[in-house]
Protein chains: 4
Amino acid sequence: MTLKFAILGAGRIGQVHARAVGSIPGAKLVAIADPVAAAAEKIKDTYGCDVRTIDQIEASADVDAVVICTPTDTHADLIERFTKVGKAVFCEKPVDLSLARVQACLKAVAANKGKVMVGFNRRFDPDFMGVKAAIERVDVGDVEMVTITSRDPGAPPADYITRSGGIFRDMTIHDFDMARWLLGEEVETVSAMASVLTDAKIGELGDYDSVNVILRTATGKQAVITNTRRATYGYDQRIEVLGSKGMAYAENTTENRVVVADKDGYRSAPLLNFFMTRYVAAYANEIAAFIDAVNTGTETPTTTQDGLLALALAEAALKSVKEGRVVKVSEVL
Amino acid sequence: MTLKFAILGAGRIGQVHARAVGSIPGAKLVAIADPVAAAAEKIKDTYGCDVRTIDQIEASADVDAVVICTPTDTHADLIERFTKVGKAVFCEKPVDLSLARVQACLKAVAANKGKVMVGFNRRFDPDFMGVKAAIERVDVGDVEMVTITSRDPGAPPADYITRSGGIFRDMTIHDFDMARWLLGEEVETVSAMASVLTDAKIGELGDYDSVNVILRTATGKQAVITNTRRATYGYDQRIEVLGSKGMAYAENTTENRVVVADKDGYRSAPLLNFFMTRYVAAYANEIAAFIDAVNTGTETPTTTQDGLLALALAEAALKSVKEGRVVKVSEVL
Amino acid sequence: MTLKFAILGAGRIGQVHARAVGSIPGAKLVAIADPVAAAAEKIKDTYGCDVRTIDQIEASADVDAVVICTPTDTHADLIERFTKVGKAVFCEKPVDLSLARVQACLKAVAANKGKVMVGFNRRFDPDFMGVKAAIERVDVGDVEMVTITSRDPGAPPADYITRSGGIFRDMTIHDFDMARWLLGEEVETVSAMASVLTDAKIGELGDYDSVNVILRTATGKQAVITNTRRATYGYDQRIEVLGSKGMAYAENTTENRVVVADKDGYRSAPLLNFFMTRYVAAYANEIAAFIDAVNTGTETPTTTQDGLLALALAEAALKSVKEGRVVKVSEVL
Amino acid sequence: MTLKFAILGAGRIGQVHARAVGSIPGAKLVAIADPVAAAAEKIKDTYGCDVRTIDQIEASADVDAVVICTPTDTHADLIERFTKVGKAVFCEKPVDLSLARVQACLKAVAANKGKVMVGFNRRFDPDFMGVKAAIERVDVGDVEMVTITSRDPGAPPADYITRSGGIFRDMTIHDFDMARWLLGEEVETVSAMASVLTDAKIGELGDYDSVNVILRTATGKQAVITNTRRATYGYDQRIEVLGSKGMAYAENTTENRVVVADKDGYRSAPLLNFFMTRYVAAYANEIAAFIDAVNTGTETPTTTQDGLLALALAEAALKSVKEGRVVKVSEVL
């Protein structure tokens, strides 16, 4: 059985998902929608699909599933519309920047008995899956400490920051999801510190570029997240898990494996510095996992509930920074 | 302009090239030929091309270029036939197991003014290209010593060894090409030692499974090649270049980047253990380089002459083993 | 000129310092004091020094400098006594577990115009000195984030924990000093979380075994410290500094450099798992630095003021855990 | 029981052994001999031993063992003299540059029932011992291929080359010993190639600076040795052993473990570039092993026979280069 897809939004993440759908046996890209005709046409030309409007796709009998790659403020509405007409939905994170809106959306999805997967791509990175597998094989024993270092190669444009909801909601949110996934327990309390160190303009917009967060579960497991918007040496993505029996971590991904040695020492390549290149396998894997969940009728590996809880951690972290204290997650949910 | 391809041979290497052709903008797979109908049909189904006979392809006006993936003993004939009718030819190594036959083929190609690229895929591996680039940037200064460690994860089946011409002609031949490429000078003398250590059957077939070769150019630059048919930890592919200013090398490619540490120490993944997985980027890059050479009317980066010289080094190495002495390449050419 | 030393305390850290003094040209061990006769005799036999009482050493004209390796609760008194009689003093950290007592001691040292170095050995580790040198060479630009991972191989005995003042005062104190040293600015605020995960007995004693701390300076530079009492893979000691131009870090120190690879992958040695082995060079370097400061009449590289400030950070971290909020260092000093 | 030592020769290797003897419990340096009075006095001052002549030491009842660190052409004579008077002898390699002289010396030692250890220090390097231990634990299974990369940071002065017997006898000789030790079988045939690439003056002196050697045992196990006199990135010392079950190797030793990453990539320190620094633990371990063998009456771990066989491999390699053929070790012994 082939799962027939429409993609809503032909921007760069839409293109990534189009390529993933196109390369997976058992999936077929049927339609693309985008207000920018040229963007939609480009995907049509490459994959031989139709260009349709979102309304047309909603009414298309030949579409089983949609991938939502539109601007964030449309996500929740589209999830509700498409689950209502029985389409399986894959939605890029976040569901919405407002916790209340996400909670309302969750209720609608439940009412529609909808199947919705939220795109936390990092859970599908082969190396991070390897760390998770090490936990599951009990190689590290009981998880005690998770350490996540996540650094962007450079800050996004100012107008993105304005729309993104700030560093905790657009960047750390991935790490909050990773922390939950690796801790294997829900977070109870959050403490965060934040600074503006790379660009004063970010501060003027009311955001931060350098943050550290400590998360703690009820049993005392902890996670530390360290984020910055600028790492000159590339897109730094590291996770490490300490447990009662040992530690597991994933090495970073470099541009190549060439080493040059001379009188000044050894030199090797910087890290890959673009999230789409770094996570190319993860993007393909997450769509494959979505297809698999739809085809087998099982739960998707990430859900709108995961989207809600990651956003709640972002809210709690921001509140912790503003109020200079440890914040309980229950205060914001 | 789109370059239209036919692939001769739908075995596993034919499938690799079909995927490469299919994924490169500016190339189109038009036809596949294989005596095994099911193999050809599978490629047809995946890429939407025709199934044709070799004779039909020879006569096809809509085919610009052929990729020869048939058994070795047909390569030279097919190169001659297809260059005669003006098709560009990409041929898997080796051109032939007989030096005389390769030399005759070279003459025919010259008479046909043919364009032929021989598939030495390793030159197109991104990491090895990085080492070559380090040489060209003069990071290592004048090249003095090349060290190539190339170990297969396991010996091929006995009947393959019978047909392959033995370890020097089927396995070391890649390393001979790499050594020429990295030394930047032609090899003058060859010394080799050979043993049977992993499987007595290989010895019964008159071949070896463990060899070391030293190559020396007229100016004294040297290369060392170490080969074995069995490395339990995967497909071990290393090159290292020492020069007057420094050294450059490429790290091996592992299955993943996960590390687990416990009381027994640190553990990480074995090497990728299949040549098609290890060199997936190299296979795509070499077809792209072929297309580029055809489209721009420039010389292909590897030629039948490269095929000839690598085979000559294999002959010289075998002669060195048999006669227990240093052999001049001029003795076999 | 040879600097003549007496060591107070012949326990394991006293032995370390005896060896360091013995191996440095320009230093001579003249006397050892310890209430346990056998311990003192052992050092006498190895280094050919006298056994004397602390009172005798205080009165010894042939002693220029003392190394205080006695129990923590005697440190401040001994610093005061020996600076009063004009001896140079090297004292193991901490000066005292009480901030008030340390402050009183500082005043006495100032009144005595004493020269006192507090033993923060990690600043003298060759690799950590290399990271500091990278900062000073402006390789990383302006320091923004310091990350310190410090994990002991196993918890100390329960009675040590009772006397040590707890994890922040006996273990994290080293990391507080490292953070101050690497940040290059004083810490303004502290946030910490703490858990008991490795041994419930530690909790019963009112202490923690797993803590994370975030430090922030007035300009927004941050440091994260992650500590645990148990890392099965050895004594894990890592520092990393991110700045505007790049990052610098020190690799961990393993038992050896042997790697074994087989079908299960690559295996290498665990970390050195004893602080004296791990920091053997650091202990020698710090005594050499002390001797150098005494001989040249310059300030010691670490002072009682450093001891005071590291202890203040420990107090602030503990207060942060207890009160669930960010604590200003000025609240505890 | 304390073993009482005299050292013959107070040059830099004599100083290394003096320090080793001085630091080992159970050993005592009693006397030093050197025609250069100042050199001998310096050791006397540091270790509190006597200065005596070689004749006096030969007659000294209070000397149990001698360490021969004199020029190479005196080694064989001194071994014979001191074994004759019943002293245990530790002699720096080589015993002599002439195979015939070494063979005569062996006979004399046998006649004297002498105990003689030849200083192949690399066998006592902790990392190389770790590789050997991996072989003995059968981690790699049956040894098949040994790869030794040994590169000096820079060529010795011309007059040293004149006296040293050339690259095979002064530099490769260490690797020949390592190969024998790691192969666990005697070498039957040798093939070598040699060039002058770093300094024409070396060629004018009749020597080479860049050599590759293949060794083969009767059962077909092989070793490859690659040597050069100049590696700009430091003293490159690598060994690798491939066996039926896996591979074991030792990582190189760098100046420190500091890594700096920026937009140009990752940078780390060059290798240690002086043999005494690189092998400081090995020098201490070999003297300890000698003392242990003397005290327990067991055979020394390296013997004059090892010295003889390593020299024979050097002779065979040189003959192979000169005659352009594989040479049997039996031809030179």
Side-chain angles (χ1 to χ4, degrees), chain B residues 140-147 149 151 188-199 203 208-234 236 238 240 242-248 270-271 320-321 323-328, chain D residues 140-147 149 151 188-199 203 208-234 236 238 240 242-248 270-271 320-321 323-328:
Chain B
V140 302
D142 295 328
V143 171
E144 292 169 0
M145 284 259 183
V146 170
T147 308
T149 304
R151 295 170 179 163
E188 191 182 56
T189 51
V190 179
S191 181
M193 287 211 192
S195 310
V196 178
L197 293 169
T198 72
D199 186 352
Y208 312 99
D209 56 21
S210 305
V211 304
N212 285 298
V213 185
I214 312 176
L215 307 175
R216 192 182 187 281
T217 71
T219 67
K221 295 179 199 298
Q222 296 185 43
V224 184
I225 298 168
T226 180
N227 283 163
T228 53
R229 289 284 195 190
R230 178 188 60 202
T232 58
Y233 54 95
D236 188 356
R238 285 177 276 164
E240 177 183 309
L242 176 76
S244 54
K245 284 180 56 186
M247 172 176 65
L271 303 179
S320 172
V321 170
E323 302 182 7
R325 65 177 180 89
V326 173
V327 171
K328 291 196 176 178
Chain D
V140 302
D142 295 328
V143 171
E144 292 169 1
M145 284 259 183
V146 169
T147 307
T149 303
R151 295 171 179 162
E188 191 181 57
T189 50
V190 179
S191 181
M193 286 212 192
S195 310
V196 179
L197 293 169
T198 72
D199 186 352
Y208 311 99
D209 56 22
S210 306
V211 304
N212 284 298
V213 186
I214 311 175
L215 307 174
R216 193 182 186 281
T217 70
T219 68
K221 296 179 199 295
Q222 296 185 43
V224 183
I225 298 168
T226 180
N227 283 164
T228 52
R229 289 285 195 189
R230 178 189 59 202
T232 59
Y233 54 96
D236 187 356
R238 284 176 276 165
E240 177 183 309
L242 176 76
S244 55
K245 285 181 55 185
M247 173 176 66
L271 303 178
S320 172
V321 169
E323 302 181 8
R325 66 175 180 88
V326 173
V327 171
K328 291 196 176 177

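Lettering of chains follows the sequences in order, A, B, ..., and the numbering in each one begins at 1.
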Whatever's closer than 4.5 Å to a heavy atom in chain B on D/Thr228 counts as side chain

Honestly, the part of D/Glu323 sitting under 4.5 Å from a heavy atom of chain B is neither

The interface call for D/Met193 against chain B, heavy-atom contacts under 4.5 Å, is both

| request: Keeping the roles fixed (side chain from D/Thr232, backbone from B/Lys245), state whether a donor-acceptor pair exists under 3.5 Å. | output: yes

#### Entry: Pair D/Glu240 + B/Arg238: basic N to acidic O under 4.0 Å
yes

Q. Tell me, do D/Arg230 and B/Ser244 make a side-chain contact under 4.5 Å, heavy atoms counted?
A. yes

Okay, B/Thr226 and chain D: the region with an atom under 4.5 Å from a heavy atom over there is side chain

Okay, D/Val211 and chain B: the region with an atom under 4.5 Å from a heavy atom over there is backbone

Bottom line for D/Asp199: the part with an atom under 4.5 Å from chain B's heavy atoms is neither

Okay, D/Val190 and chain B: the region with an atom under 4.5 Å from a heavy atom over there is backbone

Using modelled atom types only, decide if a donor and an acceptor are shared between the side chain of B/Ser320 and the backbone of B/Val327 within a distance under 3.5 Å.
no

Under 4.5 Å between any side-chain heavy atoms of D/Gln222 and D/Ile214, yes or no? yes

Ranked by heavy-atom pairs below 4.5 Å to chain B, first place among D/Ala231, D/Gly243, D/Gly246, D/Ala194 goes to D/Ala194

Quiz item: With the threshold set at 4.0 Å, does a side-chain nitrogen-carboxylate oxygen contact exist between D/Asp209 and D/Arg229?
Solution: no

